[in-house]
Amino acid sequence: MAAHRRSAHRKPKQRPLTGSAARTAATLALAGAATAGSVTGAGAAPAEPAPTATQVRAKVDRLYHDAEVATEKYNGAKEEAATATRAVDALADEAARRTARLNTARHALGSLATAQYRSGTLDPAVQLALSSDPDAYLQGASYLDRAGDRQNGLLRGIRRQVSQITRVKARADQETERLAARRAELREHRTAIRTKLADARKLLDTLTADERAAYERAADARHGGGPSHADRSAGRAPVAAPNSRAAQAIAFAHGAIGKPYVWGATGPNSFDCSGLTQAAWKAAGVSLPRTTYTQINAGARVPRSQLAPGDLVFFYSGISHVGLYIGGGQMIHAPRPGAPVRIAPVDEMPFAGATRVA
């Protein structure tokens with residue numbers, strides 16, 4: 001009887017789940033665990049703090065700098081694309097001229113072959129035997145030999161023209177591929193610039209009006225801003241330029257003070273940094289390459305201690321910014337989006353080198 005009571009109170013043995021029942025149970029268990037974990041995690045994970053005004057300003061500065069780096073790469077790709085376009089056009093013109101000459105040679109050869117076909121000459125020995133005037137025949141035979149030489153010359157010329165046209169078209173294909181690659185680079189750099197500038201504007205929009213004004217004042221101070229420098233007539237005191245060309249370049253840069261910074265612009269109404277220096281020296285009769293990293297090699301390098309008015313001064317390790325030195329530790333440059341062409345101290349940015357153009 002006792003044994004019977006013990007067996008009655010014993011917990012019945014559960015059978016293991018198999019098949020679809022087992023899979024259903026496992027799925028429910030996992031779902032429950034995930035739900036519990038997400039609830040616990042939602043309560044435990046702290047919200048990411050909003051960036052401080054100082055952090056926003058630092059990130060905006062970095063975005064503007066990155067945009068300027070991308071701008072110089074864009075300028076370089078644009079210049080290379082223009083060169084490739086001119087090469088493709090020149091090769092197309094050359095191919096057209098050579099094709100016209102080839103067609104002329106083919107027409108001449110066709111006319112000669114038609115004339116010979118229509119004349120229907122006999123064997124020379126038979127003609128000589130039947131001729132009543134051997135001297136006249138021999139004179140005519142000499143003409144036929146010369147005609148044969150002319151025909152051979154035309155054939156050689158046609159083969160040469162075909163070979164040259166083939167080479168020209170191969171070069172044109174290479175230049176076309178190069179142009180396509182440069183255009184792809186242009187699109188890539190254009191997208192990078194616009195993205196970085198848009199990100200900078202979004203970050204600036206997170207600042208209060210007072211914080212935004214403080215950022216603009218600090219940025220202006222770093223790049224030489226302020227009422228005295230934003231005015232177009234600022235800094236008009238005579239500058240002891242080493243030569244007349246340097247004086248002309250400086251005069252042009254003074255005339256650009258107050259004009260807006262626009263990436264990719266070379267004037268006359270707006271500029272980016274290398275566009276301004278290129279335009280200034282162009283006004284002095286000197287042709288500079290388009291980008292900062294090519295302009296630095298456009299003249300003789302000079303140490304900072306020997307700077308003279310008219311020298312190009314470069315900044316940052318990647319040579320991504322340039323200004324025109326005007327003496328007294330000052331330069332004229334196009335700083336960044338939102339900041340017009342202005343006079344600024346040279347020591348406000350990391351100095352990378354200087355070049356004397358003329």
Side-chain angles (χ1 to χ4, degrees), residues 68-69 71-72 74-76 78-79 82 223-226 228-302 304 306-316 319-349 351-358:
E68 189 165 46
V69 171
T71 295
E72 291 306 309
Y74 169 87
N75 291 338
K78 186 176 181 181
E79 190 173 45
H223 294 97
S228 62
H229 292 116
D231 189 87
R232 188 179 293 271
S233 63
R236 285 293 189 178
V239 176
N243 55 61
S244 60
R245 284 186 169 180
Q248 286 177 301
I250 292 170
F252 180 94
H254 271 290
I257 289 174
K259 293 186 177 182
Y261 176 103
V262 174
W263 62 269
T266 58
N269 299 318
S270 58
F271 302 89
D272 63 19
C273 67
S274 57
L276 174 64
T277 50
Q278 184 188 51
W281 273 104
K282 182 179 180 181
V286 177
S287 178
L288 289 182
R290 178 63 181 92
T291 66
T292 52
Y293 50 83
T294 51
Q295 287 184 7
I296 197 170
N297 296 317
R301 298 288 185 92
V302 292
R304 185 169 181 172
Q306 296 178 20
L307 286 175
D311 290 347
L312 302 176
V313 283
F314 299 88
F315 303 91
Y316 301 103
I319 316 297
S320 59
H321 191 75
V322 62
L324 185 72
Y325 188 68
I326 59 173
Q330 303 287 305
M331 66 176 173
I332 298 176
H333 74 143
R336 59 177 177 83
V341 175
R342 58 183 50 165
I343 296 173
V346 171
D347 59 4
E348 287 299 329
M349 289 179 285
F351 187 81
T355 293
R356 185 158 299 155
V357 178

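Residues: numbered from 1 along the sequence shown.
Exactly one of L276, V313, L288, T292 qualifies for a side chain to side chain contact (heavy atoms under 4.5 Å, CB included) with V322. That residue is T292. For the side chain to side chain contact (heavy atoms under 4.5 Å, CB included) with Y325, the qualifying choice from L312, L307, I250 is L307, the only one to do so. With I319 as reference, I296 is the one residue of T291, V69, I296, T294 to meet the side chain to side chain contact (heavy atoms under 4.5 Å, CB included) rule.
A heavy-atom distance below 4.5 Å is not found between the side chains of K282 and S287. In this structure, the side chains of F271 and Q278 stay at 4.5 Å or more apart for every pair of heavy atoms.
Here D272 contributes atom CG and H333 contributes atom NE2; the two are 13.0 Å apart, rounded to the nearest 0.5 Å. Taking CZ of R301 as the reference point, atom CD of Q306 lies at 14.5 Å (rounded to 0.5 Å). Rounding to the nearest 0.5 Å gives a distance of 4.5 Å between CD1 of I326 and NE2 of H254. Distance check, rounded to the nearest 0.5 Å: CZ of R342 to NZ of K259 gives 16.0 Å. Taken from CG in D311 to OG1 in T277, the straight-line distance is 12.5 Å, to the nearest 0.5 Å. For the atom pair CZ (F351) and CD (E348), the distance works out to 14.0 Å, reported to the nearest 0.5 Å.
Minimum heavy-atom separation, G323 to M331: CA-SD, 4.0 Å. Taking all atoms of both residues into account, the shortest heavy-atom contact from S274 to R290 is OG-NH1, 2.8 Å. Closest approach of A246 to P309, counting heavy atoms only: CB-O, 3.7 Å. Between E72 and S320, the closest heavy-atom pair is CG-O, 3.8 Å. Nearest heavy atom pair, residue P340 against residue P335, reads O-CD, 3.1 Å. Annotation for C273 and A334: closest pair CB-O, 3.7 Å, computed over non-hydrogen atoms.
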Residues D347, R304; criterion side chain to side chain contact (heavy atoms under 4.5 Å, CB included); working and verdict: CA-CA 10 Å; D347 59 4; R304 185 169 181 172; 3.3 Å; yes
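Ring pair F315/H321 is tilted by interplanar angle, where 30° to 60° counts as tilted.
Inspection of the T355 and Q295 side chains reveals no N or O donor paired with an N or O acceptor under 3.5 Å.
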